[in-house]
Amino acid sequence: MRKALVVGINDYPNSPLTGCVNDALSIAALLEVDGDGSPNCSVRLITSPSTPITRAVLREAIDNLFSGDPDMAVLFFAGHGYIKSTGGYLVTVDAKKYDEGVSMDEVLVLANQSRAKNKVVILDCCHSGAMAAPALSGSSTAQLSEGLSVLTASRDNESSLEVNGSGVFTSLISDALRGGAADLRGNITPGSLYAYVDEALGAWDQRPIFRTNVTSFAKLRKIPPKVPFEVLRKITQYFAIPDAEHKLDPSYEDTDPSANLAKVKIFKDLQKLQSVGLVVPVDAEFMYFAAINSTSCRLTALGYQYWRLVNEKKL
């Protein structure tokens, strides 16, 4: 079982927001199904003003999310964040002085104690970097239990921006979940989400924070692979050993008078592998010239890794 709690709050009495509900709707729709339409997460979506999200409502929802022993539990929050000497807070609609909402430390405790195999917390709010921040927790290291990953929109001293009715951070997360952060097998993980967002934001923008304690990343969502598996699995046919070169000649190119249909089919597969960085032409800028000039192609370092996966029947 995989479950997700997605929260978006717009209607703060004193400082309303405009994009958080839209952000929550976008993330909920993406987490609910994989790219091929198959079920992914059982999503509970709560948004305010539809539901008055008080501290009690949010605290209970987070507690329920991390209960049981699901394969994955995902928390997404879009709304106001607040920081003071005692740490960070996810601000709720009933916030008042000395009771601003749900403490990020509370969230961390619930996530750490959860028996879920994988736990992912994604926060799009100001000061969200306070989540599991060592300086605020009073220790030299952030205490994350095994299987927990935390991805936040900004550092603990930064704001999180809204542009055109959506949070900048969540817009990037949505693009990443749609496929921008997918690996060659179509898997999207917390680590690849962070890499995508980190690369997209400039050095002077709000900076995302990523903290994790995992031995391997579990997938958040899956899309159809960039290259079909049946083509990826042929990599060991086209390269008998990782260091081998695949010899080419003009008969591989379908526009050449000497074109051989069987070789043309192989060449199209090799070009697909080249398009995702697994294969490169030797002594030529493009695969076309490698064929016309009778040179060859070889595996890249990444290509070797996929060759190994296929050879070990792990792909």
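Index from 1, following the sequence. Values below: all heavy atoms of this structure, side chains included; hydrogens, waters and symmetry mates excluded.
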For a quick test of reading the model, state the closest non-hydrogen atom pair linking Asp105 to Thr86 and the distance between them.
OD2-O, 3.9 Å
Looking at Lys234 and Glu230, does any basic side-chain N land under 4.0 Å from a carboxylate oxygen?
no
Does Lys268 come within less than 4.0 Å of Asp254, counting only side-chain N to carboxylate O?
yes
Do Lys119 and Ser145 have side-chain N/O donor and acceptor atoms under 3.5 Å apart?
yes
Holding to ring pair (Phe, Tyr, Trp, His ring centres under 6.0 Å), I want the full list of residues that pass it with Tyr252, two or more places apart in sequence or in another chain.
His246
Looking only at heavy atoms, which two atoms of Gly81 and Val91 are closest? And how far apart?
C-CG2, 3.9 Å
Check Arg55 with Glu106, please: is the shortest side-chain N to carboxylate O separation under 4.0 Å?
yes
Is there a chain of hydrophobic side chains (I, L, V, M, F, W, Y, each step under 4.5 Å between heavy atoms) that links Val282 to Leu273?
no
What residues, two or more places apart in sequence or in another chain, satisfy ring pair (Phe, Tyr, Trp, His ring centres under 6.0 Å) together with Tyr82?
none
Checking the side chain of Ser67 only, and the main-chain atoms of Asn64 only, is there a donor and an acceptor separated by less than 3.5 Å?
yes
If you take all heavy atoms of Asn187 and Lys222, which pair is closest and at what distance?
OD1-NZ, 3.1 Å
Is there a side-chain contact between Lys219 and Ile188 in this structure, where contact means two heavy atoms from C-beta onward sitting under 4.5 Å apart?
no
Is there a donor in the side chain of Ser154 and an acceptor in the side chain of His127, or the other way round, less than 3.5 Å apart?
no
Do Thr236 and Asn311 have a side chain donor and acceptor closer than 3.5 Å?
no
State whether Arg298 and Asp243 are salt-bridged, where the test is any N-O pair (Lys NZ or Arg NE/NH1/NH2 against Asp/Glu carboxylate O) under 4.0 Å.
no
Indicate yes or no: at least one non-hydrogen side-chain atom of Tyr89 is less than 4.5 angstrom from one of Val102.
no
Treating Arg2 as the side-chain partner and Cys41 as the backbone partner, does any N or O pair qualify as donor plus acceptor under 3.5 Å?
no
Between Val43 and Leu5, is any pair of side-chain heavy atoms under 4.5 Å apart?
no
Using only atom types and a distance under 3.5 Å, with no angle test, would you say the side chain of Ser26 pairs donor to acceptor with the backbone of Asn22?
no
Side chains of Phe77 and Leu58, heavy atoms from C-beta outward: is any pair under 4.5 Å?
yes
Is it true that Arg207 and Asp198 have a side-chain N and a carboxylate O under 4.0 angstrom from each other?
yes
Under the 3.5 angstrom rule, does the side chain of Asn118 hit a backbone N or O of Ala218 as a donor-acceptor pair?
no
Are the side chains of Met131 and Val107 in contact, using a 4.5 Å heavy-atom criterion?
yes
Going by atom types only, do Thr92 and Thr54 share a side-chain donor-acceptor pair under 3.5 Å?
no
For Gly79 and Leu17 the tightest heavy-atom approach is C-CD1, 3.8 Å
When the ring planes of Phe286 and Phe289 are compared, do they come out parallel, tilted or perpendicular, using 30° and 60° as the limits?
tilted
Partner set under side chain to side chain donor-acceptor pair (under 3.5 Å) for Thr295, not counting sequence neighbours
none
Salt bridge between Lys84 and Glu100, side-chain N to carboxylate O under 4.0 Å?
yes
